Amino acid sequence: MAPHSTATSEDLAATAMEHKIAQQPSLSSNGHGNGHVQSGEDNLPALDASKLIYTFADTSVRSVPSEAEATSGNETICTDHMITAVWKAGAGWSAPELKPYGPLTLMPTASVLHYATECFEGLKVYRGHDGKLRLFRPDLNARRMLMSTLRISLPGFDPAELEKLIHALLAVDGPKWLPASRPGSFLYVRPAMIGTQPQLGVQAPKEALLFITASFMPRFDSPPGGMKLHTNPEDMIRAWVGGFGYAKVGANYGPSLLATNEARKRGFGQILWLYGEEKYCTEAGASNFFVVWRTKDGRRQLVTAPLDDKLILDGVTRRSVVELARERLGEELEVVERKYTIDEVIEADKEGRLIEAFAAGTAFFICPVSQIRHRDYDVNFPMVKGDSGQYTSMIKGWMYDIMYGNEQHPWGVVIDEKKQ
Ligand SMILES: *Cc1c(COP(=O)(O)O)cnc(C)c1O
């Protein structure tokens, strides 16, 4: 049991998670994350980035497309290399490999193809205006990946080792694919883990594959006129209390596409997912959602859904917005994490108290929201700064400066491009 266990034996998922987390030295209070920790209760080899085996691609074969070219087709364009690591029950983690980007081989009976034993992460690597290559708070992504992994009974690992593997991939592919001649651009880094055991039957997979790619991704953060959201249909929800909405598991996303596609046909960018009879505002598509309003007694507030009922994803962008706004806007704007309903938003609209709204996530960065359609009511948000609200654009600017090295900040983690 974890030393600070709060779950009772009736809380099966929480108990199981605490048990697993207690076995991950880097997540317990005195963990050092030194790469030599063992995976789980056994004495099998742990994931170890220092064992990385390099097999280089012929990098003269593919040239680097422009951002526009790379994002115009129907296929994600990845860099020259990827990283893979195999885990097997009874053998632990084998040495990770950096190798040419290419297809994976899976048996048709692989666990992931039937039981959705898949989870992923998404973070970006930024080419700074000072020429340096940076990640943004990658430690948070690595820890969240472990949490998602454990939630679907895939093997644990030391998050620090995942971080080192991400660094290794970008040290190799960064200089070519995100050249110093393209300051202000980014690549998208996608670590994922799947259950690969070729056996049908609902059980925890005894084989798994971790892989990491780096690719181009379109910019979504400034749709002309702002992003429009449509609330979910009455008969469809994204996540529920007791479910797994807080984990970045593939099973959360496939089933949401039906509603998203319908919204797109009507000219909306994303679904604003409401929850429960009260219709609490939770998330906008696969990003967190923020509203700025004036309270009835005239205070300015930045409001976003709370993490405590495990309904929403604990976004790195969300957390950073909350922290920056508390630190830098203190007196002027109160930051509140609480449940709030679409009816409160509509009421604020009718009373002229809405100031602005935005979606926040790695893919969407900080994306101004101009409208929410709920049933037959349209909430419109003022866009005072061109296609954005003033706080949205201020917070976005702060984040941008940290990501692209205009401001030296501990959240911006520099990649050593000479280290291979
Ligand atoms: C990934 C994701 C987010 C955003 O998280 P970031 O860490 O900021 O990228 C928000 N909501 C959902 C459902 C997500 O999948």
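Small disclaimer: the values here were computed from a predicted structure and weren't measured. Both backbone and side-chain heavy atoms feed into the values below; hydrogens, waters and symmetry mates do not. One is the number of the first residue; the rest follow in order along the sequence.
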Problem set entry | Which atom of L272 lies closest to which atom of C281, heavy atoms considered | CD2-SG, 4.3 Å
Problem set entry | Pair E118-Y253, side-chain donor/acceptor within less than 3.5 Å | no
Seminar exercise, completed: So side chain to side chain donor-acceptor pair (under 3.5 Å) across residues 103-114, not counting sequence neighbours, yields S111-T117
Exercise. Do P191 and I166 have side-chain heavy atoms sitting under 4.5 Å apart?
Worked result: yes
Exercise. Are any non-hydrogen side-chain atoms of L135 and H167 less than 4.5 angstrom apart?
Worked result: yes
For this session: Pick out which of F365, F186, W411 makes a side-chain contact (heavy atoms from CB on, under 4.5 Å) with M403.
Result: F365
For this session: Drop me the distance from L170's CG to I415's CD1, to the nearest 0.5 angstrom.
Result: 4.5 Å
Exercise. Side chains of Y377 and D349: donor-acceptor distance under 3.5 Å anywhere?
Worked result: yes
For this session: Could you walk me through whether E332 and Y391 pass side chain to side chain contact (heavy atoms under 4.5 Å, CB included), step by step?
Result: CA-CA 11 Å; E332 183 182 339; Y391 291 110; 2.8 Å; yes
Exercise. Salt bridge or not for R318 and E283, using N-O below 4.0 Å?
Worked result: no
Exercise. Salt-bridged, E234 to R375, with N to O below 4.0 Å?
Worked result: yes
Exercise. Is it the case that H129 and N406 place a side-chain donor and acceptor less than 3.5 Å from each other?
Worked result: no
For this session: Could you grab the distance from atom CG of D173 to atom CG of L187, nearest 0.5 Å is fine?
Result: 8.5 Å
For this session: Mark yes or no for whether E334, through its side chain, and Q301, through its backbone, hold a donor-acceptor pair below 3.5 Å.
Result: no
Exercise. Just wondering, more than 12 heavy atoms not from M107 lying within 6.0 Å of its CE?
Worked result: no
For this session: Step by step, work out the side chain to side chain contact (heavy atoms under 4.5 Å, CB included) result for T317 and N288.
Result: CA-CA 8 Å; T317 320; N288 296 112; 6.0 Å; no
Problem set entry | Interatomic spacing from CD in E163 to CG in D139 - rounded to 0.5 Å | 5.5 Å
Exercise. Quick check: does any side chain N or O of R127 sit under 3.5 Å from a backbone N or O of G131, one acting as donor and the other as acceptor?
Worked result: yes
Exercise. Is the backbone of V86 close enough, under 3.5 Å, to the side chain of S94 for a donor and an acceptor to pair up by distance?
Worked result: yes
Exercise. Just wondering, more than 12 heavy atoms not from D376 lying within 6.0 Å of its CG?
Worked result: no
For this session: Give, for atom CH2 of W293 and atom CZ of R299, the distance between the pair rounded to the nearest 0.5 Å.
Result: 11.5 Å
Exercise. Given F364 and F220, is the ring pair (Phe, Tyr, Trp, His ring centres under 6.0 Å) satisfied, shown in steps?
Worked result: CA-CA 5 Å; F364 279 82; F220 298 115; 5.0 Å; yes
Exercise. Do the non-hydrogen side-chain atoms of R328 and M394 ever get within less than 4.5 Å of each other?
Worked result: no
For this session: Could you tell me whether a side-chain N or O of N232 sits under 3.5 Å from a main-chain N or O of L274, the two making a donor and an acceptor?
Result: yes
Problem set entry | Under 3.5 Å donor-acceptor, T213 side chain and M82 backbone | no
For this session: Please round to the nearest 0.5 Å and tell me the distance separating atom CH2 of W398 and atom CD of E407.
Result: 10.0 Å
For this session: Work out which heavy atom in L313 is nearest to a heavy atom in R144; give both atom names and the distance.
Result: CD2-NH1, 3.4 Å
For this session: Output, in order, the C-alpha distance, side-chain angles, deciding distance and verdict of side chain to side chain contact (heavy atoms under 4.5 Å, CB included) for Q371 and F268.
Result: CA-CA 9 Å; Q371 190 186 82; F268 293 83; 3.3 Å; yes
Exercise. Going by an N to O cut-off under 4.0 Å, is there a salt bridge joining E67 and R182?
Worked result: no
For this session: Kindly say whether V241 contributes a backbone atom to a donor-acceptor pair with the side chain of Y275 at under 3.5 angstrom?
Result: yes
Problem set entry | D343-T341 side chain donor-acceptor pair, cut-off 3.5 Å | no
For this session: Write down the atom of L133, the atom of G174, and the distance for their closest heavy-atom approach.
Result: CD2-CA, 3.8 Å
Exercise. Heavy-atom count around K228 NZ within 6.0 Å, excluding the residue itself: above 12?
Worked result: no
Exercise. Taking it one step at a time, do Y280 and I312 satisfy side chain to side chain contact (heavy atoms under 4.5 Å, CB included)?
Worked result: CA-CA 11 Å; Y280 294 118; I312 68 161; over 6 Å; no
Exercise. Hey, is CD on E75 packed in by over 12 heavy atoms from elsewhere, all under 6.0 Å?
Worked result: no
Exercise. With a 4.5 Å heavy-atom cut-off, do K124 and Y188 have their side chains touching?
Worked result: yes
Exercise. Does any N or O in the side chain of S256 come within less than 3.5 Å of the main-chain N or O of R238, such that one atom is a donor and the other an acceptor?
Worked result: no
Seminar exercise, completed: OG of S388 to CE of M383, rounded to nearest 0.5 Å, is 6.0 Å
Exercise. Going by an N to O cut-off under 4.0 Å, is there a salt bridge joining E323 and R326?
Worked result: no
Exercise. Which residues satisfy the side chain to side chain contact (heavy atoms under 4.5 Å, CB included) test with E277, sequence neighbours excluded?
Worked result: none
For this session: Could you check if a side-chain atom of L178 sits within less than 4.5 angstrom of a side-chain atom of S185, using non-hydrogen atoms only?
Result: yes
Problem set entry | Between R137 and S320: side-chain donor-acceptor atoms closer than 3.5 Å | yes
Problem set entry | N/O donor-acceptor pair under 3.5 Å between N252 side chain and A247 backbone | yes
Exercise. Between S215 and C78, what is the shortest heavy-atom contact and its length?
Worked result: CB-SG, 3.8 Å
For this session: Kindly indicate whether the side chain of R219, heavy atoms from C-beta on, has any atom under 4.5 Å from the side chain of T71.
Result: no
For this session: Check whether more than 12 heavy atoms from other residues, nucleotides or ligands sit under 6.0 Å from atom CG of L258, and answer yes or no.
Result: no
Exercise. Any idea which heavy atoms bring T362 and G122 closest together, and the distance?
Worked result: OG1-O, 3.6 Å
Exercise. If you look at every heavy atom in I271 and A259, which pair is closest and at what distance?
Worked result: CD1-O, 3.5 Å
Exercise. Hey, does the side chain of R190 reach the backbone of F120 with a donor-acceptor pair shorter than 3.5 angstrom?
Worked result: no
Going by atom type alone, with no hydrogens or angles, which donor-acceptor pairs under 3.5 Å involve a side-chain atom of residues 149-157 and a protein atom two or more places apart or on another chain?
unit_1	atom_1	unit_2	atom_2	d
T149	OG1	M145	O	2.6
R151	NE	Y246	OH	3.0

Exercise. Is any side-chain heavy atom of Y400 closer than 4.5 Å to a side-chain heavy atom of D221?
Worked result: no
Exercise. So, does D416 use its side chain to make a donor-acceptor pair with the main chain of A171 at under 3.5 Å?
Worked result: no
Exercise. Can you find a heavy atom in the side chain of L113 that is under 4.5 Å from one in the side chain of L106?
Worked result: yes
Seminar exercise, completed: Between E344 and the options K339, R338, K296, the salt bridge (charged side-chain N to carboxylate O under 4.0 Å, His left out) test singles out R338
